[in-house]
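Heads up: the structure comes next, in structure tokens.
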Amino acid sequence: MTAPTAATARPTPTHDQVRRAPKVLLHDHLDGGLRPQTILELAAEVGHALPADSAEALGAWFAESADSGSLVRYLETFDHTVAVMQHGPAITRVARECVEDLAADGVVYAEVRYAPEQHVDAGLTLDEVVAAVAEGFAQGVAATGGRIVVRQLLTAMRHQARSMEIAELAIAWRDRGVAGFDIAGAEAGFPPTRHLDAFEYLQRENAHFTIHAGEAFGLPSIWEAIQWCGADRLGHGVRIVDDIDVADDGSVTLGRLASYVRDQRIPLEMCPASNVQTGAAASIAEHPIKLLTDLRFRVTVNTDNRLMSRTSMTAEMTSLVDAFGYGLDDLQWFTVNAMKSAFLPFDERLAIIDGVVKPGYAALAAEA
Ligand SMILES: O=c1[nH]cnc2c1ncn2[C@@H]1O[C@H](CO)[C@@H](O)[C@H]1O
Ligand SMILES: [Zn+2]
């Protein structure tokens, strides 16, 4: 007889268990998650030239080009995905496949974002773009038998000047599948306060929004996003660690901004694989998600761009299991954090936590 070891007392979840575990995704870009084969087919339809001509080579090109250590160069790869998403049927197809891929990955609730203003080059109106995504999401949810709930987040590009229009679009669609608003794009040089009018408008409308902040730029960006713009959540927010001091003896001191973020339970939409690619973190093992989780910030785990980062929710969570020895209880904690932070009405969030997330993890724990 062998004595029980720590490993048998708290088994490491297998890859298959992580895949089957219910997962919640708050930060995923529609134009960052296309299947390479779909890009090839859509590019052929519109005559767009691509840097590779097989699905495998194209997938590798995206991952390698995004692996640049710079957010600005990472973002250049989106030229090719956005170029093939300029017509209604193409957008609908991408949206449907997105839902199918997320459901197959075990995602039970997702908020998927994109910038409508980037999809009007061939003459679509902003409204037609949102309608095309809504149609694709509906088709995807139907195809997966309703195993997943999906909402849109409308993003405005921070270097452009259309945020007010996009905020109004989000309000116009608030009861038809759009759950909130976001700003994205190059962070340095484009502070969130450039779009203050849009955020103030959304607050007056009792609407929800998140802001990409603290990814390629530090604390001032996070501070503006929260204290000037009133963001409900932070996209990434990794640089909040710049306001946390860990002494040699392990004692931790939080600055005022880090304290505020933790005290207010402001959700951090962390995207580990993406952060390693853009240089926001040196490696998964050194990613601030470990410290922030230990300190019980409201941490959530996300994919950001499944194509560019060759990732999935299963891959992100598995990489954290491998790096930090997380168990199913930790993965459930991230998942409940995410569901609590969703831009969905409270009763609907609770129904998913109690009806889907908790029973799903309990069933997995019972297998062990
Ligand atoms: O991690 C990120 N940081 C900032 N912007 C991003 C990131 N990932 C994607 N986008 C930007 O958001 C647009 C709409 O989806 C994408 O086209 C890309 O330019
Ligand atoms: Zn993002």
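Numbering of ligands and ligand atoms starts at 1, following listing order. Given the structure is predicted, the values throughout are model-derived calculations rather than measurements.
- Considering only non-hydrogen protein atoms, atom 3 (N) of ligand 1 sits nearest to Glu215 OE1, 2.7 Å.
- When you scan the N, O or S atoms of Asp304 for the one nearest the Zn ion (ligand 2), you land on OD1.
- A cation-pi geometry, defined here as NZ or CZ lying under 6.0 Å from the six-membered ring centre and within 45° of its normal, holds between Arg296 and Trp333.
- The shortest contact between atom 17 (O) of ligand 1 and any protein heavy atom is with Asp31 OD2, 2.5 Å.
- Met157 counts as a contact of ligand 1, since one of its heavy atoms falls under 4.0 Å from the ligand.
- Not close to ligand 1: Gly32, with no non-hydrogen atom less than 4.0 angstrom away.
- Which of Ala156, Gly185, Gly235 comes nearest to atom 4 (C) of ligand 1 through a heavy atom is settled by distance: it is Gly185.
- Ring-plane geometry between His80 and Trp61 is classed as perpendicular, the angle between the planes exceeding 60 degrees on a 0 to 90 degree scale with a lower cut at 30.
- Residue contacts with ligand 1, taken as heavy atom pairs separated by less than 4.0 Å, do not involve Thr278 at all.
- No part of Leu30 comes within 4.0 Å of ligand 1, judged by heavy-atom distances.
- The distance from ligand 1 to the heavy atoms of Gln118 drops below 4.0 Å at these ligand atoms: 13 (C), 14 (C), 16 (C), 17 (O).
- Contact annotation: His236 has at least one heavy atom less than 4.0 Å from an atom of ligand 1.
- Residue contacts with ligand 1 for Thr81 are absent, since no atom lies close enough (heavy atoms, distance under 4.0 Å).
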